[in-house]
2 protein chains.
Amino acid sequence: MSTTPVLKPDLLQGPLEVMIFRTLERRPSHGYAIARAIEAASGGELAIEEGSLYPALHRLEKRGDIVGEWSQTEQKRRAKVYRLTPKGRKKLIEQTSAWQRLVGAVSKVIGPSGGGDGELAGDHA
Amino acid sequence: MSTTPVLKPDLLQGPLEVMIFRTLERRPSHGYAIARAIEAASGGELAIEEGSLYPALHRLEKRGDIVGEWSQTEQKRRAKVYRLTPKGRKKLIEQTSAWQRLVGAVSKVIGPSGGGDGELAGDHA
DNA sequence: ATGCTCACCTAGATTGTCGAGGTATCCATG
DNA sequence: CATGGATACCTCGACAATCTAGGTGAGCAT
């Protein structure tokens, strides 16, 4: 473990996937609901574009990280409900940690003076 | 409230630029030195690829955020030393805050504790 | 029936990273 | 002197992911 030297998967393969994973971990949902959930959870700071969301969903499904099933909403509209597969659950953990590592690394570079959170131990370099 | 509605610049236009800005704010440097500085500042967690760095530098120079001047290193090798312009300084501030806003928003979505545990009970929307 | 929200989808343009290759200089080593 | 490593720059082509901007259609209220 901890063989991981550097982190550099495109310098980010997008936090969108992590947020989708996390949202689906809480509860299986259809695309539209995922978008609203993320927007709400972020306190209205994030806007999820459908043109990014649906391709991402299809991508993840093709990879086997999530599975979708056609179903119906309470309002009787058809909707494709996605849920996490075991594989996706693993990805959630991996990508969450990758994201946090990235954030930590970037924070070190742009300096502790930013933001006001995250930096716990005084860094010594 | 603040007019700032949502944040959605590609959901990330790359922290690379911010890190370059921040590095140059500390001291004007040439490309190679910037890469090493970022790698060092991140504690060796980030690897800056030249294929990303140089295009980024040219991009930023063309935008007027930085200016480069051919010069010489102590070891007598030619090097193009870049420094921040006033415009770039402004961008540094803007992008730093955008990055931190994004990080904050994503954190809210994936949860404060990140990956590993989850609180399932007790919450009902 | 008109229009709004829900709920899905895609194509095309754009952007940015990465991998891999190339040039050239300085210096230490053999 | 030749070789090779580190410094220092550059560019091209492939690839991935987003956004814009369109489109379909069903349910519900007016």
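Proteins get letters first, then strands, A, B, ... in listed order; numbering begins at 1 in each.
Atom pair Glu74(B):CD and dC27(C):P shows a separation of 12 Å (rounding to whole Å applied). Per the geometry, CG belonging to Leu57(B) stands 11 Å off P belonging to dT11(D), to the nearest Å. As rounded to whole Å, 16 Å separates atom C1' of dA11(C) from atom CD of Glu49(A). Counting to the nearest Å, the P atom of dA7(C) and the NZ atom of Lys80(A) are 16 Å from each other. Computed from coordinates, the Lys62(B) NZ to dT15(C) P distance equals 11 Å when rounded to whole Å. Remark: P of dC9(D) and CD of Gln72(B) are 12 Å apart, rounded to the nearest angstrom. Between the CG atom of Leu60(A) and the P atom of dA16(D) there is a distance of 14 Å, rounded to whole Å. Counting to the nearest Å, the P atom of dT18(D) and the CG atom of Leu46(A) are 13 Å from each other.
Phosphate contact (OP1/OP2 of dC10(D), side-chain N/O of Arg78(B), threshold under 4.0 Å): absent. Distances shorter than 4.0 Å separate some side-chain N or O of Ser52(B) from OP1 or OP2 on dC18(C). Proximity of His58(A) to the phosphate of dT10(C): a side-chain N or O atom is located under 4.0 Å from OP1 or OP2.
Applying the side chain to side chain contact (heavy atoms under 4.5 Å, CB included) criterion to Thr73(A), with sequence neighbours excluded, gives His30(A), Gln75(A), Arg77(A), Ala79(A). Applying the salt bridge (charged side-chain N to carboxylate O under 4.0 Å, His left out) criterion to Glu69(B), with sequence neighbours excluded, gives no partner residue. Not counting sequence neighbours, the partners of Ala56(B) by the side chain to side chain contact (heavy atoms under 4.5 Å, CB included) test are Leu16(B), Ile20(B), Arg59(B). Residues satisfying the side chain to side chain contact (heavy atoms under 4.5 Å, CB included) test with Arg89(A), not counting sequence neighbours, are Glu25(A), Leu84(A). By the side chain to side chain contact (heavy atoms under 4.5 Å, CB included) test, Arg78(B) pairs with Trp70(B), sequence neighbours left out.
Residue Leu53(A) is the one, among Lys76(A) and Leu53(A), whose nearest nucleotide of DNA chain D lies closer to the 5' end (criterion: closest heavy atom).
What you find for Ala37(B) and Thr23(B) is that their closest heavy atoms are CB-CG2, 3.8 Å. A pairwise comparison of heavy atoms in Leu92(B) and Arg22(B) identifies CD1-N, 3.9 Å as the closest pair.
Residue-level contact check: Gly31(A) touches the backbone only, with heavy atoms under 4.0 Å from sugar-phosphate atoms and none from bases.
In this structure, of dT11(D), dA17(D), dC9(D), it is dC9(D) that holds the atom nearest to the side chain of Trp70(B).
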Shorter than 3.5 Å, N or O on both sides, protein versus nucleotides 2-6 of chain C: list them out with atom names.
{"unit_1": "dC6(C)", "atom_1": "OP2", "unit_2": "Tyr32(A)", "atom_2": "OH", "d": "3.2"}
{"unit_1": "dC6(C)", "atom_1": "OP2", "unit_2": "Arg36(A)", "atom_2": "NH2", "d": "3.4"}
{"unit_1": "dC6(C)", "atom_1": "O3'", "unit_2": "Arg77(A)", "atom_2": "NH1", "d": "2.9"}

